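Notes follow the structure.
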Amino acid sequence: MKTKRSKATDIPMSVKKAVFERDNGCCVICGNSYNVMPNAHYISRAKGGLGIEQNIFTACTRLTKNDCHYKFDNGTKEEKEMLKTIVKKYLKSKYSDWNEDNLRYKK
């Protein structure tokens, strides 16, 4: 049985569909539309990042040369900071009330 936190950080299919549509089926970092998935967390699951539209974005998978999702999670410090800035700006442009404080699981 999943914990409340695990359930809250999972990405429901309805959210994946909405995010994929919002992002026009393209990676929000590089614009690629080949082998992308709407399953990247801005605030990571490990840090309590919720599986809600405001925290999820579409990114390239490991099957692409850009590999944006992997670099977002596991790149160098400089890469991660640069990519996080791009994604933050994008999410803020989509949600006028976007706030990082609202993206984490709270007991």
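Keep in mind that this is a model prediction, so the values were computed, not measured.
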Do Met37 and Ile43 belong together in a cluster built from hydrophobic side chains that touch within less than 4.5 Å? no

Cluster overlap Leu83 with Tyr42, hydrophobic side-chain contacts below 4.5 Å: yes

Provide the closest heavy-atom pair for Gln54 versus Leu91 in the form atom of the first, atom of the second, distance. O-CD1, 3.5 Å

Nearest heavy-atom neighbours spanning Gly51 and Val15: O-CG2, 3.7 Å

Look at the side chain of Asn32 and the backbone N and O of Cys27, then say whether any donor-acceptor pair between them is shorter than 3.5 Å. no

Hey, what do you get for NZ (Lys2) to NZ (Lys7), rounding to the nearest 0.5 Å? 8.5 Å

Side-chain donor/acceptor of Asp23 to backbone N/O of Gly25, under 3.5 Å: no

Would Lys4 and Tyr105 count as a cation-pi pair here, with the cationic atom under 6.0 angstrom from the ring centre and within 45° of the axis? no

Mind checking the OG1-CG spacing from Thr58 to Asn39? Nearest 0.5 Å is all I need. 8.5 Å

With a 4.5 Å cut-off on side-chain heavy-atom distances among I, L, V, M, F, W and Y, is there a chain of contacts connecting Phe20 to Phe57? no

Looking at Arg5 and Gly48, what are the two nearest heavy atoms and their distance? NH2-N, 3.0 Å

Which distance, rounded to the nearest 0.5 Å, do you find between the CD1 of Ile11 and the CD1 of Ile52? 11.0 Å

Which pair of non-hydrogen atoms, one from Arg62 and one from Asp67, has the smallest distance, and what is that distance? NE-OD2, 3.1 Å

Does this structure show an ion pair linking Arg45 with Asp10, if we count only N-O contacts that are shorter than 4.0 Å? yes

Tell me whether the count of non-hydrogen atoms from other residues, nucleotides or ligands lying under 6.0 Å of NZ in Lys84 goes above 12. yes

Are Val87 and Tyr70 connected into the same hydrophobic cluster when the rule is that any two of I, L, V, M, F, W, Y join if their side-chain heavy atoms are below 4.5 Å apart? no

Heavy-atom pair of closest approach, residues Asn66 and Cys30: ND2-SG, 3.1 Å

Go through the steps for Leu103 and His41 under the test side chain to side chain contact (heavy atoms under 4.5 Å, CB included), then give the verdict. CA-CA 10 Å; Leu103 307 179; His41 285 70; over 6 Å; no

Distance, nearest 0.5 Å, that separates CG of Asn35 from NE2 of His69: 14.0 Å

With a 6.0 Å cut-off (strictly less than), is the heavy-atom count around OH of Tyr95, excluding the residue itself, greater than 12? yes

Just by distance, do the side chain of Asn55 and the backbone of Leu50 share a donor-acceptor pair under 3.5 Å? yes

Around atom CD of Glu21, are there more than 12 heavy atoms of other residues, nucleotides or ligands at under 6.0 Å? no

Whether over 12 other heavy atoms sit under 6.0 Å from Lys80 NZ: yes

Would you say Thr9's side chain and Ser6's backbone share a donor-acceptor pair under 3.5 angstrom? yes

Is it true that Val28 and Phe72 fall in one hydrophobic cluster, defined by side-chain heavy atoms closer than 4.5 Å? yes

Closest heavy-atom pair, Val19 versus Ile56, reported as atoms and distance to 0.1 Å, is CG1-O, 3.8 Å

Taking atom NZ of Lys77 as the centre, report whether more than 12 heavy atoms of other residues, nucleotides or ligands fall under 6.0 Å from it. no

How far does CE of Met82 sit from OG1 of Thr85, to the nearest 0.5 angstrom? 9.0 Å

Before giving the answer on salt bridge (Lys or Arg N to Asp or Glu O under 4.0 Å), spell out for Glu53 and Lys94 the whole-Å C-alpha distance, their side-chain angles and the decisive distance to 0.1 Å. CA-CA 10 Å; Glu53 290 179 38; Lys94 297 295 179 181; over 6 Å; no

